[in-house]
Number of protein chains: 2
Amino acid sequence: MTVGTIRPGGRTARVRAAVLGAAADALVEHGFAHLDLADVASRAEVGRTTVYRRWGTAAGLVADLLTDMAEQSSPRVETGSLLEDLRANARLVQRTLADPRQGPLFRAVIVAATCDPRAAEALHRFYAVRIAEWAPCVEQAVQRAELPVGIDAEEVIRAVSAPLYYRLLISGDSVDTDAADRAAEAAVAAAKAGAYTADSDPA
Amino acid sequence: MTVGTIRPGGRTARVRAAVLGAAADALVEHGFAHLDLADVASRAEVGRTTVYRRWGTAAGLVADLLTDMAEQSSPRVETGSLLEDLRANARLVQRTLADPRQGPLFRAVIVAATCDPRAAEALHRFYAVRIAEWAPCVEQAVQRAELPVGIDAEEVIRAVSAPLYYRLLISGDSVDTDAADRAAEAAVAAAKAGAYTADSDPA
DNA sequence: GTCATAACGGTTCTCCAGTTCCATTAAGCA
DNA sequence: TGCTTAATGGAACTGGAGAACCGTTATGAC
């Protein structure tokens with residue numbers, strides 16, 4: 001029976017799924033600042049002790065939730081044009097941030113990342129995955145000669161999202177489809193002008 | 001002696017200044033999540049009761065701090081070119097966010113804004129002030145015919161900052177001068193292409 | 001099926017953030 | 001200068017988050 005056997009099957013996995021789901025619900029309702037582990041435990045119909053032992057703190061729980069979220073990838077669309085592809089990406093981000101459930105959830109995990117190194121690491125990994133998933137549409141645009149060679153594909157993807165997150169977190173302006181479309185158009189214009197190439201001096 | 005006289009002079013003002021300064025110090029060190037009002041009080045050499053009574057919660061204290069910060073405006077530079085102006089703006093934001101004191105402070109107040117409506121209101125007002133201060137350099141570029149008429153000047157300013165805040169809060173990439181320069185260049189390119197005009201359809 | 005133990009869960013205890021209460025200080029006005 | 005009371009400050013009180021303890025469940029190996 002070997003001492004020290006890990007038992008991830010059955011109950012353990014079920015508890016994890018229940019707790020992560022409950023944590024997401026609680027984050028949507030109360031935000032990270034008012035996340036109560038006892039509340040999460042009762043939502044998940046699980047003992048308080050279990051939550052404290054396995055995840056320790058609210059930040060640790062969010063870090064695990066982010067790891068879980070990173071594994072569920074959403075499919076990328078593929079139209080024939082860079083602007084269309086990036087607009088699809090921008091609108092996906094816009095829908096997510098404006099969604100009554102996903103929006104508060106993302107705000108909560110972003111807040112958690114600023115409070116805890118593990119949560120920060122998990123958040124950065126989450127976005128690294130998402131950005132890498134969409135970078136190919138920029139590389140395809142390079143192959144179609146829509147964009148100059150040597151462009152930083154991932155930076156273009158980040159440029160599409162940045163204005164939307166800025167609205168969500170900084171300026172407080174609404175994250176609507178107009179903003180999404182403008183973000184995509186701006187990124188395309190800047191990319192074509194060579195703003196995201198390594199030896200950038202297009203002025 | 002008129003019942004209900006407000007007494008903002010002398011001691012009250014001194015207490016406010018001391019507490020706001022101490023709050024900023026505490027935010028820099030521990031972040032908003034671990035902001036302890038008792039700690040703020042002892043730093044300010046002020047009674048705990050006073051802090052709880054006047055500001056109530058950590059979020060309320062941050063909201064007042066932001067109101068105070070909004071009143072201290074930093075002067076805007078003015079070169080002759082749009083790219084130079086926006087680069088100066090981007091580098092100012094970059095220096096602020098990368099600063100060992102200002103960076104953590106801004107992260108903390110942004111976090112506070114996601115947790116409390118009053119803090120959010122104060123943060124949005126703070127940025128509205130800063131953006132309005134810099135918008136004229138875009139309008140001057142329009143007058144110099146560097147940019148098309150009908151452009152949203154404030155949106156251009158926001159576009160300069162957005163990638164830097166995205167790095168700070170989302171991707172975790174370093175907020176360095178390269179990023180600042182690229183942000184300015186991208187904003188100029190997008191603006192010249194008409195991405196920030198009202199009837200945007202430049203594709 | 002049987003056993004050892006990893007993992008869960010209820011109860012109790014502890015500690016501290018936040019509140020309440022009242023005494024003390026000093027701002028503002030005559 | 002003296003009076004009223006706004007505002008501060010110390011001390012005791014309270015509620016709930018999180019830790020500690022130990023009994024219970026059920027997983028995984030044989």
Side-chain angles (χ1 to χ4, degrees), chain A residues 1-23 25-27 29-64 68 108 111-112 115-116 118-119, chain B residues 1-23 25-27 29-64 68 108 111-112 115-116 118-119:
Chain A
M1 32 65 209
T2 8
V3 177
T5 310
I6 299 169
R7 299 178 185 176
R11 183 169 60 168
T12 301
R14 214 176 314 127
V15 166
R16 187 174 112 108
V19 170
L20 293 188
D25 291 343
L27 286 173
E29 282 184 36
H30 306 305
F32 178 72
H34 302 295
L35 182 63
D36 180 10
L37 296 202
D39 174 49
V40 171
S42 70
R43 282 170 191 260
E45 295 181 320
V46 153
R48 287 192 291 281
T49 315
T50 300
V51 176
Y52 281 112
R53 182 175 28 230
R54 283 188 61 179
W55 291 278
T57 67
L61 180 54
V62 171
D64 195 31
D68 189 64
V111 166
C115 302
D116 180 86
R118 284 174 305 168
Chain B
M1 31 66 207
T2 6
V3 177
T5 310
I6 299 170
R7 300 176 184 179
R11 183 170 59 169
T12 300
R14 213 175 315 125
V15 166
R16 186 174 113 109
V19 169
L20 293 188
D25 291 343
L27 286 173
E29 283 185 36
H30 306 305
F32 178 71
H34 302 294
L35 183 63
D36 180 11
L37 296 202
D39 174 48
V40 171
S42 69
R43 282 170 191 259
E45 294 180 321
V46 153
R48 288 191 290 282
T49 314
T50 301
V51 177
Y52 280 112
R53 182 174 27 230
R54 285 188 60 179
W55 290 278
T57 66
L61 181 54
V62 172
D64 196 32
D68 189 65
V111 166
C115 301
D116 180 86
R118 284 174 304 169

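Just so it is clear, the structure is predicted and the values come from calculations on it, not from any experiment.
With a 4.5 Å cut-off on side-chain heavy atoms, A:Asp36 and A:His30 do not count as touching.
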side-chain contact (heavy atoms from CB on, under 4.5 Å) for A:Arg54 and A:Arg16? Distances and angles first, verdict last.
CA-CA 9 Å; A:Arg54 283 188 61 179; A:Arg16 187 174 112 108; 3.7 Å; yes
Can you list the steps and then say if B:Asp64 with B:Arg118 is a salt bridge (charged side-chain N to carboxylate O under 4.0 Å, His left out)?
CA-CA 9 Å; B:Asp64 196 32; B:Arg118 284 174 304 169; over 6 Å; no
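For the pair A:Arg54 CZ and D:dG18 P, the interatomic distance rounds to 18 Å; values are reported in whole Å. Rounded to whole Å, the distance from CZ on B:Arg53 to P on D:dT8 is 6 Å. Residue B:Arg14 contributes atom CZ, which lies 10 Å from atom P of D:dG9 at whole-angstrom precision. Across the protein-nucleic acid pair, A:Asp36 atom CG and D:dG18 atom P stand 7 Å apart, rounded to whole Å. Whole-Å rounding puts the A:Trp55 CH2 to D:dA17 C1' distance at 18 Å. Rounded to whole Å, the distance from CG on B:Asp39 to P on C:dG18 is 12 Å. Remark: P of D:dG9 and CG of B:Leu37 are 15 Å apart, rounded to the nearest angstrom. One interatomic measurement links the two molecules: NE2 of A:His34 to C1' of D:dG16, which rounds to 15 Å at whole-angstrom precision.
Picking from D:dT8, D:dA17, C:dC8 the nucleotide with the shortest atom distance to the side chain of B:Val15 gives D:dT8. Comparing C:dA7, C:dA17, D:dA17 by their closest approach to the side chain of B:Tyr52 singles out C:dA17. Listed candidates were C:dA26, D:dG9, C:dC8. Nearest to the side chain of B:Val46 is D:dG9. Listed nucleotides: C:dT19, C:dC21, C:dC8. Nearest to the side chain of B:Thr49: C:dC21. Taking the side chain of B:Arg11 as heavy atoms from C-beta on, and the options D:dA26, D:dA17, D:dT8, the nearest nucleotide is D:dT8. Side-chain proximity of A:Arg48 to the nucleotides C:dT12, C:dA26, C:dC8 is greatest for C:dT12.
Of all the heavy atoms in B:Val40 and B:Ala22, the pair that sits closest is O-CB, 3.5 Å.
Between B:Arg14 and B:Glu45, no side-chain nitrogen of the basic residue sits less than 4.0 Å from a carboxylate oxygen of the acidic one, so the salt-bridge criterion is not met.
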